[in-house]
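Below: the structure, in structure tokens.
What you see is a predicted model; the values in this text were computed from it and never measured. Reminder, nothing fancy here: chain letters follow the sequence lines and each chain counts from 1.
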Amino acid sequence: MGEGQRELIPQSVTVTKIIDETPDVKTFYLALRDQGGRCSAPFHTLPGQLAMLSLPGVGEAMFSATDGGDHLQLSIKKVGRLTDELHEMAEGQQVGLRGPYGNGFPMTEMQGKNVLFIGGGIGLAPVRSVVRYCVDHRADYGKLHLVYGARTPADLIFLDDLTKHWPAVEDFTVSMTVDNGDDEWQGHVGFVPAYVEELRPEVANTVCVLCGPPIMIKFTLNVLRKLGFQPENIYTTLEMRMKCGIGKCGRCNIGHSYVCLDGPVYRLDQLHELPNEY
Amino acid sequence: MKALAKKNLADALALLAGQATVWVPAKVAGVTRFAPWSPAVTLDLEATPPAVSPKEILLPETESLYRYSAYGMDVTFEAVEQEVPPTIIWGIHSCDVQAILCQDDVFLSREPQDAAYAKRRAATTLVALACTTPGPDCFCTSMGLEPAEHASTDVQLHILTDGYGVEARTARGEEIVARLAEKGLLVETIEPPAKAQACTRAVNPEGIDKKLVEMFEHPYWDELAATCLNCGACTFLCPTCHCFDLTDHRRNAHEGTKIRCWDACMFTEYTVMAGGHNPRPGKKERVRQRFMHKLRYFPERYGKWQCTGCGRCVARCPVHIEITDVIKEVGEVTLDG
Amino acid sequence: MKELHNVNVAMRTLARELLESGTVAGVYGWKKGSRPTLTSPLYIQDAAKADRLAYDQYAVSNLSALLLDHRNNDKKRAIFVKGCDSRGVVRLLQDQQITPEQVLVIGLPCPGMVDEAGSLLTKCAECRFPNPVMADQVLGGVEVSKQPSAPTGVTAEAARKVGVGSRAGERMAQVAQLEGKTAAEKEAYWAEQHDKCIRCYACRNVCPACNCRDCIFDTEKKGWVSKAATSSANAFFAITRAMHVAGRCVDCGECERVCPMDIPIMTVNRKLQQDIEALFGPYDAGVDETVVPPLGRYQTDDPEEFL
């Protein structure tokens with residue numbers, strides 16, 4: 001690549017694997033493939049960081065990325081034109097990718113603490129990048145507890161992680177719930193905020209990582225406050241429309257903060273300093 | 001002080017144009033804007049300010065970033081290399097010099113820098129012209145500027161009876177002055193430069209950045225925005241507004257060019273997310289964003305106003321929503337508690 | 001302006017009454033701007049602010065397009081109109097963007113609008129409809145008229161003196177001048193004008209005829225238009241805009257007034273008016289809402305041979 005606008009120009013990467021998570025969510029594995037077919041990650045990301053995925057002639061959009069070692073994983077829900085096209089792709093397709101963007105979760109600051117993860121729907125994607133990091137660096141973190149909810153059992157994403165991998169990790173509790181169960185669902189039925197309240201997770205020496213739809217975040221924050229969580233110990237991620245990813249194009253600002261550069265991870269007390277416009 | 005006589009101006013511009021693209025304020029299709037100098041250009045050094053700012057020189061209205069292709073399973077991306085010639089902006093006023101400092105904050109002060117902007121900026125020399133006769137909507141002194149000169153220019157031109165006092169402020173400026181001197185285009189003068197007349201408009205922005213922190217939910221914005229058309233005249237004419245879009249210029253179903261073009265926070269579509277959520281859904285939110293950005297967010301982030309008092313938005317707002325009124329009215333608002 | 005003193009008093013009283021009684025939820029009018037020679041749009045919802053209303057020879061803005069902000073709202077808004085503005089309201093009614101229940105139209109006498117230097121605007125010199133073409137109420141003795149007419153009401157004499165309508169017969173002069181040029185000259189002229197366009201869409205947003213809920217220039221989804229502000233893309237915008245308001249343009253001249261690049265937009269609008277009249281006979285858009293625009297009606301003897 002020449003001298004041009006390097007940070008804005010995607011590199012070609014290959015979709016090496018596609019996993020159907022739910023009827024409207026797929027996880028895409030993206031890698032650089034050399035001539036021998038060996039894969040390597042286009043770039044590495046910290047938990048919570050973002051990558052800009054680009055389909056030439058269709059558009060670009062920012063997604064939360066999970067570092068997979070020799071590849072990156074993006075879990076993408078169908079919500080519009082670009083994501084519709086992405087869901088039509090087959091393995092082996094090339095796409096454009098640039099990044100990483102954003103701050104990511106402060107994994108060092110969180111060391112030595114228990115972590116309560118709360119995810120709703122596709123919001124588990126950014127949460128999962130943190131979970132994986134904590135699992136990979138298990139000794140650095142205290143007890144892990146994930147509360148995850150989706151609309152129906154069919155909408156639960158990362159089922160292998162939820163039912164096999166994570167429950168097998170030492171001191172890791174996984175609590176799942178769905179808004180509406182079905183005939184086969186044996187688990188909890190109810191909304192995430194109420195379930196969190198019911199579970200009464202440990203508060204002492206615990207940081208909370210909370211991602212999901214705005215309405216879930218709003219009600220869960222009320223519960224966390226009731227449980228005694230301080231804003232300094234709650235982290236969440238924000239979404240805004242983004243174009244450049246480098247804090248220059250203007251549209252993802254909340255007050256003086258640019259979500260693509262200064263976010264997408266915000267501590268609740270930092271968020272309280274910003275205008276309520278997201 | 002060295003002086004360039006008016007009669008030598010064309011020779012000076014011709015000399016400099018031999019080695020650089022020299023942008024000068026000129027009448028183009030009835031509008032005063034910066035245009036590359038050539039003998040055919042109609043200079044207009046009197047417009048205060050030129051109707052169109054020199055923003056487009058460093059941040060073009062539209063520029064190509066890369067070419068893409070998508071055939072079968074393969075996609076390619078190839079940077080469009082921009083030729084950036086040495087560039088001189090001649091006759092730029094203090095307001096627009098200050099605006100470039102604002103743009104530098106956005107594009108250069110934080111990593112990653114914007115490469116295309118950085119390349120153009122590095123190739124650019126500023127030759128500022130004292131602005132002694134303010135236009136009807138000028139208020140740069142209210143925003144802390146000195147219309148007669150700006151410290152962050154390479155060369156400052158002062159107004160003399162029959163020419164321009166020439167003062168180099170940087171090594172790059174020295175070079176230009178030396179070249180003019182070498183060709184015998186400069187003489188020594190003891191004539192004192194003309195003083196700037198007072199700005200037509202005056203406001204006091206002191207403290208409003210802090211006050212605006214408390215005014216996010218204030219009903220003031222509803223009233224202010226009610227007659228706004230949500231057009232982009234203010235943002236596109238503004239020398240500090242930097243927002244852009246990245247979008248496709250399709251050649252066919254497989255190939256095209258990714259372009260960067262100006263965008264505006266006034267436009268409905270600007271912040272709409274996939275799925276339809278819009279954090280700034282109405283006029284109020286968009287108008288508030290524009291003024292908050294200029295008078296609060298930018299000062300918070302970069303430590304300076306993002307308004308240089310050039311008055312272009314004031315002059316051309318179709319419904320006369322004037323930032324001078326906003327500064328004044330925000331100052332007058334009484335906050336509870 | 002002394003002729004308008006009582007009109008100003010009456011405007012404020014009426015606005016106050018309308019808001020206090022809850023007859024309307026808001027009132028569109030004008031206020032004095034930051035200079036005596038500026039009179040700017042104003043929207044008030046609070047009767048206590050009625051005293052800010054002002055109307056004089058600088059109240060050039062046509063406020064009718066602002067009614068589009070309320071098209072999904074059942075409440076009534078009052079709007080003060082000059083002759084040209086009233087045609088904008090008719091445009092919105094005829095295009096079914098608003099219903100008569102959503103608007104209360106208050107007609108005003110027009111003294112002829114002037115620029116900041118005091119010269120009568122060209123559009124006023126060329127005006128054929130200085131009186132409101134429709135109104136629910138009037139102030140200042142102005143007469144509602146759907147026919148081209150001389151100014152009426154308390155400013156009739158002042159309007160006549162400054163020359164309102166005095167050059168109505170020369171409305172097509174600029175069109176004729178351009179038609180006199182060769183094709184190459186015309187192309188060069190418009191290329192230069194379109195080059196200037198910054199795609200701010202002020203012309204579109206101020207226009208009562210540009211009332212699409214979703215404008216094709218706001219959406220990239222279909223890939224019909226490029227956001228690139230190149231000469232060709234700008235020309236595509238300019239031509240699309242002009243064709244879309246052809247036969248519906250109410251001749252208020254706001255697009256040209258608000259253009260920050262001083263592009264002579266009305267020349268294109270007038271050229272289309274002229275062509276439409278040549279093909280379909282005399283037609284004044286936004287005058288009588290019962291008369292369908294020529295390009296919006298189908299006749300078996302349509303001059304388009306292809307059909």
Side-chain angles (χ1 to χ4, degrees), chain A residues 1-15 52 54-61 77-83 89-96 98 214 238-258 261-262 273-278, chain B residues 65-66 68-70 72-82 106-107 110-117 119 216-217 241-248 250 252-256 258 260 263 265 270-280 285 288-289 292-293 296-302:
Chain A
M1 197 146 295
E3 260 303 287
Q5 194 77 3
R6 284 179 305 269
E7 16 348 88
L8 298 181
I9 302 176
Q11 48 182 328
S12 308
V13 302
T14 304
V15 178
M52 184 70 94
S54 153
L55 271 189
V58 183
E60 287 190 305
K77 185 177 167 134
K78 268 172 91 143
V79 290
R81 196 171 53 107
L82 176 76
T83 50
M89 286 193 310
E91 288 175 2
Q93 175 69 50
Q94 286 193 324
V95 296
R98 56 190 178 90
L238 293 184
E239 273 187 84
M240 290 286 273
R241 185 155 189 217
M242 296 173 188
K243 288 282 185 170
C244 74
I246 55 176
K248 319 232 184 275
C249 81
R251 56 177 59 51
C252 74
N253 77 296
I254 298 172
H256 62 75
S257 184
Y258 285 82
L261 192 66
D262 310 318
E273 298 292 308
L274 298 176
N276 182 15
E277 192 175 47
Y278 41 85
Chain B
L65 294 180
Y66 58 85
Y68 63 80
S69 76
M73 301 293 250
D74 299 329
V75 302
T76 63
F77 303 94
E78 185 199 349
V80 175
E81 296 298 337
Q82 304 280 357
V106 173
F107 291 108
R110 298 198 181 193
E111 291 297 330
Q113 287 194 345
D114 187 292
Y117 180 91
K119 197 168 164 185
F216 190 77
E217 305 288 357
C241 274
H242 59 79
C243 292
F244 60 81
D245 193 7
L246 300 175
T247 180
D248 293 329
R250 287 181 224 180
N252 56 41
H254 305 285
E255 291 181 23
K258 181 67 87 176
R260 154 152 78 180
D263 207 348
C265 57
Y270 182 69
T271 44
V272 180
M273 294 164 68
H277 175 63
N278 190 349
R280 292 181 211 138
E285 292 82 8
R288 177 175 64 191
Q289 161 64 21
M292 282 276 185
H293 191 203
R296 172 187 158 191
Y297 306 152
F298 197 94
E300 284 174 346
R301 194 171 177 87
Y302 299 113

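Taking every heavy atom of both residues into account, B/Pro112 and A/Leu261 meet most closely at CD-CD1, 4.4 Å. Nearest heavy atom pair, residue B/Met273 against residue A/Arg241, reads CG-N, 3.7 Å. For the pair B/Val75 and A/Gln93, the tightest heavy-atom approach, listed with the atom from each and the gap, is CG1-NE2, 4.3 Å. Between A/Gly250 and B/Tyr270, the shortest heavy-atom contact is C-OH, 3.1 Å. The two residues A/Pro275 and B/Phe216 make their nearest non-hydrogen contact at CB-CE1, 3.3 Å. Taking every heavy atom of both residues into account, A/Glu7 and B/Ala115 meet most closely at OE1-N, 3.8 Å.
Note on B/His293, B/His242, B/Glu217: by heavy-atom pairs under 4.5 Å with chain A, the leading option is B/His242. Interface check for chain A: of the options B/Cys243, B/Ser69, B/Gly256, the most heavy-atom pairs under 4.5 Å are formed by B/Cys243. In terms of heavy-atom pairs under 4.5 Å with chain B, the best-connected choice from A/Pro214, A/Gly92, A/Gly80, A/Cys252 is A/Gly92. Counting heavy-atom pairs closer than 4.5 Å to chain B, the top residue among A/Glu273, A/Arg251, A/Glu239 is A/Arg251.
Residues passing the side-chain hydrogen bond (donor to acceptor under 3.5 Å, both in side chains) test with A/Ser12: none are found, sequence neighbours excluded.
Annotation: side chain of B/Met73 is not in contact with side chain of A/Gln94 (no heavy-atom distance under 4.5 Å). In this structure, A/Asp262 and B/Arg301 have side chains that are in contact, with non-hydrogen atoms separated by less than 4.5 Å. Side-chain atoms of A/Pro10 and B/Tyr68, non-hydrogen and from C-beta on, never get closer than 4.5 Å to each other. Contact annotation: the side chain of A/Lys248 never approaches that of B/Tyr117 to less than 4.5 Å [non-hydrogen atoms, C-beta and beyond].
For A/Ser257, the part sitting under 4.5 Å from any heavy atom of chain B is the backbone (N, CA, C, O) and nothing else. Residue contact with chain A, scored on non-hydrogen atoms closer than 4.5 Å, is absent for B/His254. In this structure, chain B has a heavy atom under 4.5 Å from the backbone of A/Val95, while its side chain stays farther away. Both the backbone and the side chain of B/Phe107 come within contact range of chain A, with heavy atoms under 4.5 Å apart. In this structure, chain B has no heavy atom under 4.5 Å from any part of A/Val15. There is no contact between B/Asn252 and chain A, counting heavy-atom distances below 4.5 Å.
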I'd like to know whether A/Leu8 forms a side-chain contact (heavy atoms from CB on, under 4.5 Å) with B/Arg260, so could you lay out the CA-CA distance, the side-chain angles of the two residues, the decisive distance to 0.1 Å, and finally the verdict.
CA-CA 10 Å; A/Leu8 298 181; B/Arg260 154 152 78 180; 4.3 Å; yes
The test is side-chain contact (heavy atoms from CB on, under 4.5 Å); show your working for A/Ser54 and B/Phe77 and say whether it passes.
CA-CA 11 Å; A/Ser54 153; B/Phe77 303 94; 4.1 Å; yes
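Rounding to the nearest 0.5 Å places CD of A/Gln11 at 13.5 Å from OG1 of B/Thr76. Residue B/Asn278 holds its CG atom at 8.5 Å from CE of A/Met240, rounded to the nearest 0.5 Å.
With 3.5 Å as the limit, one finds a donor-acceptor pair spanning the side chains of A/Asn253 and B/Gln289.
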